[in-house]
Protein chains: 2
Amino acid sequence: MSMARARPLVLDPNRRDDPCAHCGARAYSVCSAIDSKDLDRLAALSTQIVVDPGRSFIEEGDAAEHFFNVTSGTAKLFKLLPDGRRQITGFASTGHFLGLAVSTAYSFSAEALEPMRICRFSRPKLKLMLDDFPAMEKRLLEVASNELVAAQEQMLLLGRKTARERLASFLIARADMPSHCLGHQPGHAETVLLPMTRNDIADYLGLTIETVSRTLTKLRSEGLIEIPSASTVVIKRHAALEAIASGSGGH
Amino acid sequence: MSMARARPLVLDPNRRDDPCAHCGARAYSVCSAIDSKDLDRLAALSTQIVVDPGRSFIEEGDAAEHFFNVTSGTAKLFKLLPDGRRQITGFASTGHFLGLAVSTAYSFSAEALEPMRICRFSRPKLKLMLDDFPAMEKRLLEVASNELVAAQEQMLLLGRKTARERLASFLIARADMPSHCLGHQPGHAETVLLPMTRNDIADYLGLTIETVSRTLTKLRSEGLIEIPSASTVVIKRHAALEAIASGSGGH
DNA sequence: CGTTGTGTTGATATTAATCAACAAGTGTGG
DNA sequence: CCACACTTGTTGATTAATATCAACACAACG
């Protein structure tokens, strides 16, 4: 099977038209106004990169010279405190944009969880691109708005939810993610795949690995989920888990 | 003293050219490409609103019919859980944009802390405006990017910082805010004014009012700050407080 | 096979929350 | 002007949730 050329941006892997709850993309394309001819021009402006699991491609504090679009795979995005405490601010998968910030330095680090393909633009070339494709700028504004909403939801989780509610929220959010973000079937997926370690989950939810482990065990013992393997959770009672996630689940 | 007309968007109150750490505005204008003739056209598209302290002008869950720009005053932005737990996701002052989200419903509520003037656009008119002023769209993307960076910083605070570090971060951030956001002198202000209650601070930092009160008392007893009145904090040892805020302050 | 990384479970410690009392300020009406 | 209620903030005693410390199970991998 031959690929004409690696496409610089992620287009329509499976033709669904509802917006992605995670990244807001419609039809999983960067911008409907960008046709395949435009894509060739974009390809000329960008560099395709492959990143192995465990490798970082953005380091907090480094000069922000590039702008990225994730073509496949997943990265964790995080910030560190001097003593090593870490907060994972999000996971970036297919279609996500990284490094948009106005600042001259990256405000977070990014490390691949799975093998990744990334499309990279230098900042000057990003500027060219945005000037050439105003629709692209509109798209980026939509994406940034969606991420802001997600960030505020995460602040609610980190500031006010219990460990139990955090885990329930995390699982529900992963279950409701569409296929292009996660690699499984869309809708309320019953089976949730967790490509990240317990440590990553803990650092994403503002907890310790022990609390994550204990809380998952408790949810399992209550029949809300099953854990066939450490990286797989099956949601048995979606509504009940959702109630816990929203803070109306009792206990 | 006569005002020709209430300007729909905030322009250059005091001519400073460095970007606002909080909202990213340069020269405290919405967009340098918008001149006063354009402003008149924008005024025709917008409605000027006054909001009294304690009044809400955005309710989480309501249909997102409007887009707002804060002309003066400060609002708290927050999300609620069903049992009343609250997370304040930010404070919006002069120059801030609200309600940009792609979603059809507001994802947060907004309530005035001080008397406010707001410039309101209906969504269809926002669309008109953005189509007419592409520079405005660029500006909004910059603003959204900056807010995203601030949101991630807040996630680090909520997920990984101690109560002491949270208060120090909060005070340092307020001290470093430029005058157009706060109404006092720019730079490292020594005196920080807190227009919000202890309850608001607690809900912003993911703590209780008692912990906020105790922690401030402790910082005072250590000589790092003074508290001449409940709504005023004087920073005595900025560098030490900053070290605590960054997580390298010991204790 | 041992080694290493990852995850689970148990015992204990610690931070911040909760419960409670009180102080200080603000506004109201007599 | 003062008594009163009401809001806001502070401080103390106790509790509870989660972190920390520790042991062990298990799988992946050389």
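Order of the sequence lines sets the chain letters (A, B, ...), proteins ahead of strands, with each chain counted from 1.
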Between atom [atom1] in [X] and atom [atom2] in [N], what is the gap in whole Å?
X	N	atom1	atom2	answer
L207(B)	dT18(D)	CG	P	15 Å
K161(B)	dA19(D)	NZ	P	18 Å
R166(A)	dA19(D)	CZ	C1'	12 Å
E165(A)	dT18(D)	CD	C1'	14 Å
R160(B)	dT18(D)	CZ	C1'	11 Å
R85(B)	dA17(C)	CZ	C1'	13 Å
E210(A)	dA22(D)	CD	P	12 Å

Given DNA chain D, 5'-ward residue of the pair R164(A) and T197(B), judged by closest heavy atom: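 Result of the comparison: T197(B).
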Ignoring backbone atoms, test whether T217(A) places a side-chain nitrogen or oxygen under 4.0 Å from the OP1 or OP2 oxygen of dT9(C). yes
Hey, is the side chain of T211(B) poking within less than 4.0 Å of OP1 or OP2 on dA16(C), counting only N and O atoms?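 So the side chain of T211(B) is outside the cut-off, no N or O lying under 4.0 Å from OP1 or OP2 of dA16(C).
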Contact class for T208(A) vs. all strands (heavy atom < 4.0 Å): base, sugar-phosphate, or nothing? base
Can you check whether any acceptor in the base of [N] is under 3.5 Å from a donor in the side chain of [X], or vice versa?
X	N	answer
R198(A)	dG5(C)	no
R214(B)	dG9(D)	no
R220(B)	dT10(D)	no

Counting only pairs under 3.5 Å, give me each side-chain donor-acceptor contact of residues 53-63 of chain B, with atom names and distances, residues two or more places apart or in other chains.
from: E60(B); atom 1: OE1; to: L80(B); atom 2: N; distance (Å): 3.3

Against E114(B), only a single residue in P195(B), S93(B), S72(B) fulfils side-chain contact (heavy atoms from CB on, under 4.5 Å); can you say which? P195(B)
Ignoring hydrogens and angles, tell me if any N or O in the side chain of R160(B) forms a donor-acceptor pair with the backbone of R85(A) under 3.5 Å.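 Not a single qualifying donor-acceptor pair exists.
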Short side-chain to backbone donor-acceptor contact, R164(B) and A245(B), under 3.5 Å: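 Such a contact is absent between R164(B) side chain and A245(B) backbone.
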